[in-house]
Amino acid sequence: MLIEATDIDVVKTLLPKRHDDRRGYFSETWKKELLESEGISVEFLQDNESLSVKTGTLRGLHFQAPPFAQDKLVRVARGCVLDVAVDLRRGAVTYGRHVAVELSAETGRQLFIPRGFAHGFVTLEPNTLVVYKVSAPYAPDHDFGLAFDDRELGIDWQLPNDALEVSDKDRRHPPLSALPAYFE
Ligand SMILES: Cc1cn([C@H]2C[C@H](O)[C@@H](COP(=O)(O)OP(=O)(O)O[C@H]3O[C@H](C)C(=O)[C@H](O)[C@H]3O)O2)c(=O)[nH]c1=O
């Protein structure tokens, strides 16, 4: 497992080893002790899966507020996404900055996103299946969002806005400037 830093030090990319043979490959996609050896000590409590049929489906930017804040380990089981994490920690020098990484079934690359970050992705292929581990259960009353197209964030989603499939809910989130201080 290759674990690499990103422009925001606590956000990591992971590349699990694949054991190829004539049948295909085998890969350990998550091993607690491997993450712990890299200083990522997280108790994942729930696995999520979302299928997005259309290219250009954008889900996000979402986060759960304390005490249900979630660390996430995201990977793509089929297709490809641009995965984005936005730093919401008011005290961080990287507050408001983001990491954007292409995750695909082909590479197997994963993204670790600690609590204190908003998460979202846009699909770059049809029928993209995203699977991810979270460290706190779903808590609808603590589930909040941030405007994906907030100019202050400056996220390049790689597709024009009119090509995006976005839920009504995700079109109504506030910009960063109007977001309460959920994370110090
Ligand atoms: C997140 C979640 C949702 N749901 C139900 C609630 C709705 O009836 C339905 C769809 O939920 P939502 O529209 O919030 O799904 P996404 O837009 O994919 O939200 C996710 O998108 C971004 C990328 C994330 O990182 C979060 O995990 C999550 O917010 O699933 C559940 O039952 N459990 C859950 O953990």
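Along the sequence shown, the residues carry numbers beginning at 1. Each ligand, and each atom within it, is numbered from 1 in the order the structure gives.
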Suppose we screen for side chain to side chain donor-acceptor pair (under 3.5 Å). Which residues come up paired with Asp21, at least two apart in sequence or across chains? Arg23

Can you tell me how the ring of Phe26 sits relative to the ring of His19, calling it parallel under 30°, perpendicular over 60° and tilted otherwise? tilted

Taking the six-membered ring where the residue is Trp, are the ring centres of Phe63 and Phe117 under 6.0 Å apart? no

Side chains of Asn48 and Gln46: donor-acceptor distance under 3.5 Å anywhere? yes

N/O to N/O under 3.5 Å, ligand 1 against protein:
| unit_1 | atom_1 | unit_2 | atom_2 | d |
| --- | --- | --- | --- | --- |
| ligand 1 | 14 (O) | Lys169 | NZ | 2.9 |
| ligand 1 | 18 (O) | Arg59 | NH1 | 2.9 |
| ligand 1 | 19 (O) | His62 | ND1 | 3.2 |
| ligand 1 | 21 (O) | His62 | ND1 | 3.0 |
| ligand 1 | 25 (O) | Lys72 | NZ | 2.8 |
| ligand 1 | 25 (O) | His119 | ND1 | 2.7 |
| ligand 1 | 27 (O) | Tyr132 | OH | 2.7 |
| ligand 1 | 29 (O) | His62 | ND1 | 2.6 |
| ligand 1 | 35 (O) | Gln46 | NE2 | 3.1 |

So Asp20 and Arg18, salt bridge (Lys or Arg N to Asp or Glu O under 4.0 Å) or not? Walk me through it. CA-CA 6 Å; Asp20 298 301; Arg18 284 183 172 177; over 6 Å; no

Between Arg90 and Tyr95: side-chain donor-acceptor atoms closer than 3.5 Å: yes

